[in-house]
Amino acid sequence: MTERDNDPTTPEARGSARERAIRGYDDARGRAADTLGQAPLLALAGGLAAGALIAALLPRTNAESRLVRPTARRVKDSARAAFVAARDTGTQRLDELGISREKGEETFRSLLDGLTDAARLSAKAAAEAARNQG
């Protein structure tokens, strides 16, 4: 190998670097195509996330605000209606099962009282056992 072979300015070295760059580009393109073919939904989700991030970082124009406002209001109203329907349906079902907030609080208090009583009795038994050993 001569000094000329190591010189990146020679036509041979430039050609070799160009070929390596082309091969690298082709390899990367092939890997990307394989990934998209194997997991298109993942690629779509990544694209949507990137688009949402870019959109969030860009300032909204007045025209966009005027155009988006009605749609945003409909989406917000739909989400609110869905939340209310889910809450009401869940509450109704819990009522049918006899489960209420008051019953839940009562059950929790009863459980807490039972745990407190068990801890007190355990401590008393441990103290008596220690006294009897001594």
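Under 4.0 Å is where a charged nitrogen must lie from a carboxylate oxygen, and between E96 and R93 at least one such pair does. Residues D77 and R80 are paired through a salt bridge, judged by an N-O separation under 4.0 Å between the basic side chain and the carboxylate.
Listed by first and then second residue, the side chain to side chain donor-acceptor pair (under 3.5 Å) pairs that reach into residues 106-117 are D117-R120, sequence neighbours excluded.
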